[in-house]
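Quick note on labels: first sequence line is chain A, next is B, and so on, each numbered from 1. On a predicted model such as this, the values are computed, not experimentally measured, just so you know.
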Amino acid sequence: MNAIQMILVVFVAFLAGMEGILDEWQFHQPLVACTLIGLVTGHLDLGVILGGQLQMIALGWANIGAAVAPDAALASVASAIILVEGGQGIKGIGTATGIAIPLAVAGLFLTMIVRTISTAIVHIMDAEAKKGSWRMINVWQWIAVCLQGLRIAIPAALLLAIPSGTVRGWLAMMPQWLSDGMTIGGGMVVAVGYAMVINMMASKEVWPFFAIGFALAAIKDLTLIALGAIGLSMALMYLALEAKGGNGGGSNNSDDAGTGDPLGDIIDDY
Amino acid sequence: MADKKIKLTKHDRLNVMWHSQLLQGSWNYERMQNGGWAYSMIPALRKLYPNKKDLSAALQRNLVFFNTHPYLASPVIGVTLALEEDKANGTPVTDDAIQGVKVGMMGPLAGVGDPVFWYTVRPIVGALGASMAISGNVMGPILFFVIWNIIRLVFLWYTQEFGYKAGSAITNDMSGGMLQKVTRGASMMGMFVLGALIERWVNVKFTPIVSKTPVPKSGYIEWDKLPAGGKGIQQALIEWNMGNGKALSSTKVTTLQDNLNQLIPGLAGLLLTFLCMWLLKKKVSPIWIIIGIFVIGVLFHVWGIL
């Protein structure tokens, strides 16, 4: 990696760190961060594939209230750097995925540190507000955002400082069974993100939707877009039907002739 | 006063929307998004309060506790813009009234934003991009980035405008069924897609061999009797017929996974997800579950189970 590439990698890391807290442009999502690092280091295909793998794992990770989600930004940036430096190509992806997870935890602590520093920053903002100097509030807001960027950029720079020969040496020491096992673990670990999301959303009303989705996914001809269209249509139909029939209370619908649901009428009469 | 009204132009409002993208930048444990909120309002406040004393009061008023979903702050910003504009033009709007509107809106809106954006739209668009990216297709990340940001920017601008035009009247709609309907609809679609994602992407493959049965003669391809060269390959492919014809070897190996797939494809992944849900409900940290799964993956692989 030459100097320009290293600067670009650190810049991508900086963007990812900023977005890790802002959650707007999504530069911190593995799909984007790994691809960009792959792009600037000349290993675009590797970055894209690693990004896809990590994205599947990180789908359910979100910055919400008390639920602590691992930090996607450090995980994607650091594992992409290790994958590129390691020089193992596609074979190294399983290992890079496995390394990403503890890094995601480390990133969490770094976020907590910066969020604590930000508490001091908003007190400075209070003082500036008293003086009515809006310019300084803008400046301090940017300082806070840049601190979040440095949270990822500094670890990335440290990783780059390790000569790639050393990284290769470490990765070569890793036995085959361990990297295979980590690849298998990476295939299963996806479940944790999904479980987090389900726990947040699940209610009696939505479980049937889950069951239909699971059953239909076994038909491999259905693309994700097709599945999305089916899911959306069913939700819209459910809400529309509910709005129509919901005010009847569901008890004595068979008395009025115009329910438009002959089978339902028969069952009600039964 | 009455003849010289200060109006926020479209340009001012666009500026506020652009600023609002840094809403979470100074997220802190004391007042959460307060710094970002003040930063978002500054382009408008500067114009509304040319007097330094009024501006100082306005800045302090906008540095109080605030926290909601970063995108659903936009309608709240819109309403607050309308209120601040009224106040600057002499309408007696108290600080408490502005604060009341903000607090009243942020709770319910966060309740909409999380299921809609984090649990439905991002997993769907993300899975779409990731499934393309895994096979090395650069369109995966590009599609994810473009689709997400178009949805996001359109949402930020139009909900902020909606809030600005509706003014404080929006709080009356908040209690109505509309928001609840959107949330429920998103949960339904989200759960549907999650069911599909678990079937497709949670990979658990049990390798233990359940049975080895010999395939009757003429049921498998006899490799040594094929003609040589390309003709042989053609012959073999015809006999194999994409897996519908003859078998590839003289014994049929059935793994535990084959049996499970006949029953319910993806069952193991589903059970693993339920196990994770149960552990999360028992307040086990997701990080420990993730590490545990990696350890199990390695151990079971060494033992030949996975």
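Residues Trp25(A) and Arg152(B) form a side-chain contact, since some pair of their non-hydrogen atoms from C-beta on lies under 4.5 Å apart. For the pair Glu199(B) and Leu227(A), the minimum side-chain heavy-atom distance is 4.5 Å or more. Asp126(A) is listed as a side-chain neighbour of Arg31(B), based on a closest heavy-atom distance under 4.5 Å. In this structure the side chain of Arg184(B) reaches within 4.5 angstrom of the side chain of Glu242(A), judged on heavy atoms. Residues Gln26(A) and Arg122(B) form a side-chain contact, since some pair of their non-hydrogen atoms from C-beta on lies under 4.5 Å apart. No side-chain heavy atom of Trp27(B) sits less than 4.5 Å from a side-chain heavy atom of Val114(A). By the 4.5 Å heavy-atom criterion applied to side chains, Leu224(A) and Leu197(B) are counted as neighbours. In this structure, Val298(B) and Met182(A) have side chains that are in contact, with non-hydrogen atoms separated by less than 4.5 Å.
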Carefully, step by step, assess Leu22(B) and Trp142(A) under the rule side-chain contact (heavy atoms from CB on, under 4.5 Å).
CA-CA 8 Å; Leu22(B) 289 193; Trp142(A) 273 104; 3.5 Å; yes
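Contacts between Glu24(A) and chain B at a heavy-atom distance below 4.5 Å involve backbone atoms as well as side-chain atoms. Neither the backbone nor the side chain of Ile124(A) comes within less than 4.5 Å of any heavy atom of chain B. Contacts of Ser40(B) with chain A are absent, with no heavy-atom separation under 4.5 Å from either backbone or side chain. Proximity to chain A (any heavy atom under 4.5 Å) is restricted, for Ile42(B), to the side chain, taken from C-beta onward. Contacts between His19(B) and chain A at a heavy-atom distance below 4.5 Å involve the side chain alone, from C-beta outward. If you measure heavy-atom distances from Lys131(A) to chain B, the contacts under 4.5 Å come from the backbone alone. With a 4.5 angstrom heavy-atom cutoff, Asn137(B) touches chain A only via backbone atoms. Using a 4.5 Å cut-off between heavy atoms, Thr35(A) contacts chain B through its side chain alone, with no backbone atom that close. If you measure heavy-atom distances from Leu222(A) to chain B, the contacts under 4.5 Å come from both the backbone and the side chain. Heavy atoms of Met18(A) lying under 4.5 Å from chain B are absent altogether. The parts of Trp201(B) that come within reach of chain A are both its backbone and its side chain, each placing non-hydrogen atoms under 4.5 angstrom from that chain. In this structure, chain B has heavy atoms under 4.5 Å from both the backbone and the side chain of Ile212(A). Proximity to chain A (any heavy atom under 4.5 Å) is shown, for Phe300(B), by neither the backbone nor the side chain. Contact annotation for Ala202(A): both backbone and side-chain heavy atoms come within less than 4.5 Å of a heavy atom of chain B. Contacts between Met234(A) and chain B at a heavy-atom distance below 4.5 Å involve the side chain alone, from C-beta outward. For chain A, the nearby parts of Val202(B) are the backbone and the side chain; heavy atoms of each come within less than 4.5 Å.
Residues from residues 271-284 of chain B that place a non-hydrogen atom less than 4.5 Å from a non-hydrogen atom of chain A comprise Leu272(B), Thr273(B), Phe274(B), Cys276(B), Met277(B), Leu280(B), Lys281(B), given in numerical order.
For residues 99-140 of chain A, no pair satisfies ring-ring contact (aromatic ring centres under 6.0 Å, His included), with sequence neighbours left out.
The side chain to side chain contact (heavy atoms under 4.5 Å, CB included) with His301(B) is formed by just one residue from the set Leu178(A), Thr183(A), Ile184(A); it is Ile184(A).
For the options Ile134(B), Asn34(B), Leu299(B), Leu55(B), heavy-atom pairs under 4.5 Å to chain A are most numerous at Ile134(B). Chain B forms the most heavy-atom pairs under 4.5 Å with one residue out of Val192(A), Val145(A), Leu36(A), Ile57(A), and that residue is Val192(A).
The environment of CH2 in Trp207(A) is crowded: more than 12 heavy-atom neighbours from other residues, nucleotides or ligands sit within 6.0 Å.
Closest non-hydrogen pair, Met125(A) versus Ser26(B), comes out as CE-OG, 4.2 Å. For Ala127(B) against Met56(A), the heavy-atom pair with the smallest separation is O-CE, 3.7 Å. The two residues Ser187(B) and Met201(A) have their closest heavy-atom pair at CA-SD, 3.8 Å. Across Leu31(A) and Pro141(B), no two heavy atoms sit closer than the pair O-CB, 3.6 Å. Nearest heavy-atom pair, Ile219(A) versus Arg200(B), reported as atom, atom and distance to 0.1 Å: O-NH2, 2.9 Å.
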